[in-house]
Engineer: 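For reference, the structure I am asking about is given below.
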Amino acid sequence: MNATLKRIAILVAALVPVAVIAVLVMRDTSESIAPSLSADDVGKTEQVARDRDDEKPEPSSPAAETGTPAAAPVAGTPTSVAVSVTEAPSTVPVTPQTFDYTDGTYNATGTYRSPAGMESVAIAVVLKSDIVAEVSFTGTSPNSTSQTMMNMFSSGYKALVVGKNIDDVQLSKVSGSSLTPQGFNDALNAIKTQAAV
Amino acid sequence: MNYRKEFDAIGTHWCIDLPAKLDAQRVEFVMGMIHRRIEEFDCAYSRFREDSMVTAMSKHCGRYELPADAAPMLAFYRTLYNLTRGAVTPLIGQALSDAGYDAEYSLITKSMTSPKAWDDVMHVEGSMVTLAEPVLLDFGAAGKGYLIDIVSDLIEAQGIESYCVDAGGDMRHRGEADEPLRVGLENPADATQVIGVASIVNRSICGSAGNRRAWGTFTHILDPRLLTSPRHILAVWVVADSTMIADGLTTALMFASPETLRSECNFEYAILRSDFSLERSVNFPGEFFLAS
């Protein structure tokens with residue numbers, strides 16, 4: 001199956017178990033029913049994405065023409081994950097290309113049973129040229145403990161990095177973009193000079 | 001590591017560290033060999049020089065017997081070509097040149113066309129290449145890493161077991177396990193900063209980012225299908241046992257998922273996306289400075 005979609009599936013699969021962990025943590029303070037989501041359910045989550053792989057909307061499909069969201073099959077209860085196209089292709093590339101997936105924002109919602117009741121988490125994946133360009137996570141719950149757990153997860157699933165000054169870090173080498181020869185730098189400066197108003 | 005030899009070659013800055021215990025004459029002898037070998041490589045594969053084999057291939061079709069060292073590189077390019085569904089291709093040379101990254105560094109963009117399919121233009125058997133039409137090849141994706149491996153092998157053939165060969169931030173290290181090379185991962189938005197530190201022992205690390213070789217809307221990496229430079233990824237670092245593999249995968253990761261590439265190659269990676277979010281393999285040997 002296509003690796004890009006597999007990654008989305010992994011993302012979806014990764015999100016739901018963490019929500020389960022949040023629920024498990026909560027069990028310490030509240031003896032209640034066990035979370036209903038199992039590893040099998042996570043597998044189903046991935047299966048939905050796999051199904052989509054086979055049933056990806058063609059540009060000429062009625063769904064794409066009318067803009068009607070194309071619903072994917074729903075996995076078995078109690079966990080349901082629905083994937084729908086909410087955005088039509090936004091760009092029409094000039095050069096011919098062969099991408100497996102239509103550009104756009106794809107949403108998936110996972111539901112699970114917590115001690116406080118049914119909870120849901122949603123992720124949105126922006127696909128551009130078969131590449132996951134952006135991922136966002138939303139979890140809303142009227143229960144404050146659930147909300148805290150969701151917030152904790154939301155801040156951790158996507159690590160943001162910052163720069164530190166080279167002088168403040170003990171290093172033997174630096175790796176990044178390759179140093180450029182003087183000729184390239186001269187040419188670049190010449191262009192900048194020409195471009196300057 | 002007392003000897004540090006620095007020089008410019010193949011369009012970047014080299015820095016070779018050799019152990020202090022070697023005598024100076026021996027170091028000069030080894031460095032002489034290295035310079036000759038780099039010149040030989042450049043003479044075969046550089047599209048920036050008029051006398052290279054690659055330039056000759058851009059003018060006449062036919063059968064070319066490349067140096068024996070071409071075989072592993074061409075085989076690896078074919079692997080990357082297949083894994084990225086044609087996005088990493090040595091046939092990108094003309095499009096890069098037309099984008100402005102040409103022998104004169106004109107940085108002036110002309111009319112560009114997507115490269116043709118590999119099998120339509122080129123037949124490879126070992127180091128023998130048959131061209132159906134003249135074509136400008138570019139070995140920028142993995143060539144430098146491969147040359148670092150060749151230079152390193154040359155050093156090892158002299159019985160030197162600890163060293164570091166660094167070409168513009170791509171490097172191979174050999175040495176004691178308790179003395180890892182601490183490699184800063186440059187912040188593509190600010191070259192006075194690093195976003196993390198990799199710890200390298202007896203392996204290679206290569207990085208790719210578009211912040212230095214950039215003009216107009218282009219960087220030195222070109223998507224052959226869209227004829228634009230990828231902008232969703234700011235930088236990629238790859239750690240692998242071979243520098244050629246590490247180097248080639250930094251470009252391949254701009255176009256294919258790590259999972260796809262791992263079906264054929266063994267490596268660790270870190271990908272910095274345009275929103276400064278970081279995706280890394282679990283065993284990437286290093287630490288990152290996370291936003292609080």
Side-chain angles (χ1 to χ4, degrees), chain A residues 1-11 91 93-100 126 128-136 155-192 194-195, chain B residues 8 11-13 85 104-107 114 144 164 166-171 181-198 205-216 223 225-227 232 235 237 255-257 259-260 272 275-278 280 288-291:
Chain A
M1 75 182 276
N2 180 280
T4 308
L5 205 60
K6 189 174 176 187
R7 290 176 67 198
I8 301 171
I10 289 166
L11 268 167
T91 53
V94 181
T95 45
Q97 51 182 313
T98 51
F99 291 130
D100 284 357
V126 179
K128 273 184 195 158
S129 312
D130 277 8
I131 287 157
V132 178
E134 206 178 313
V135 180
S136 59
S155 60
Y157 83 99
K158 191 169 157 185
L160 292 176
V161 293
V162 291
K164 269 191 191 176
N165 281 332
I166 285 178
D167 297 340
D168 299 337
V169 187
Q170 205 190 341
L171 298 172
S172 15
K173 293 278 181 184
V174 173
S175 174
S177 60
S178 299
L179 294 171
T180 45
Q182 195 51 45
F184 184 92
N185 296 337
D186 291 347
L188 201 58
N189 287 333
I191 296 277
K192 281 178 184 163
Q194 285 167 33
Chain B
D8 288 332
T12 194
H13 188 74
R85 290 182 293 170
E104 291 83 36
Y105 297 133
S106 78
L107 308 185
S114 286
K144 183 171 65 171
C164 175
D166 170 358
D170 296 341
M171 62 200 84
L181 198 62
R182 280 176 59 81
V183 183
L185 306 176
E186 186 184 82
N187 180 355
D190 182 350
T192 67
Q193 293 186 338
V194 289
I195 57 130
V197 182
I205 181 167
C206 292
S208 183
N211 53 312
R212 282 209 182 81
R213 287 167 208 263
W215 67 100
D223 186 324
R225 302 163 298 193
L226 302 173
L227 295 175
H232 61 295
W237 291 274
F255 302 107
S257 75
E259 291 80 15
T260 301
L272 183 67
D275 62 354
F276 264 69
S277 65
L278 186 94
R280 57 175 285 190
F288 293 89
F289 307 133
L290 299 181

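Lettering follows sequence order; numbering is per chain, from 1. Just so you know, these numbers come straight off a predicted model, no measurement behind them.
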Engineer: Listed by chain and number, what are the side chain to side chain contact (heavy atoms under 4.5 Å, CB included) partners of A:Val161, not counting sequence neighbours?
Structural biologist: B:Ile195, B:Leu272, B:Phe276, B:Leu278, B:Phe288, B:Leu290
Engineer: Using a cut-off of under 4.5 Å on heavy-atom pairs, state which of B:Leu181, B:Asn187, B:Asp8, B:Leu185 scores highest against chain A.
Structural biologist: B:Leu181
Engineer: Does any N or O in the side chain of A:Ser175 come within less than 3.5 Å of the main-chain N or O of B:Cys206, such that one atom is a donor and the other an acceptor?
Structural biologist: no
Engineer: Can you measure from OG1 (B:Thr192) to CG (A:Asp167) and round to the nearest 0.5 angstrom?
Structural biologist: 8.0 Å
Engineer: Please walk me through it: do B:Val197 and A:Gln170 pass side chain to side chain contact (heavy atoms under 4.5 Å, CB included)?
Structural biologist: CA-CA 9 Å; B:Val197 182; A:Gln170 205 190 341; over 6 Å; no
Engineer: Heavy-atom pairs under 4.5 Å with chain A: which of B:Met171, B:Arg280, B:Gln193 has the most?
Structural biologist: B:Gln193
Engineer: Please name all residues satisfying ring-ring contact (aromatic ring centres under 6.0 Å, His included) with B:Phe289, sequence neighbours left out, ordered by chain then number.
Structural biologist: none
Engineer: If you look at every heavy atom in A:Val174 and B:Val183, which pair is closest and at what distance?
Structural biologist: C-CG1, 4.2 Å
Engineer: Nearest heavy-atom pair of A:Val162 and B:Ala291: which atoms, and what distance?
Structural biologist: CG1-CB, 3.7 Å
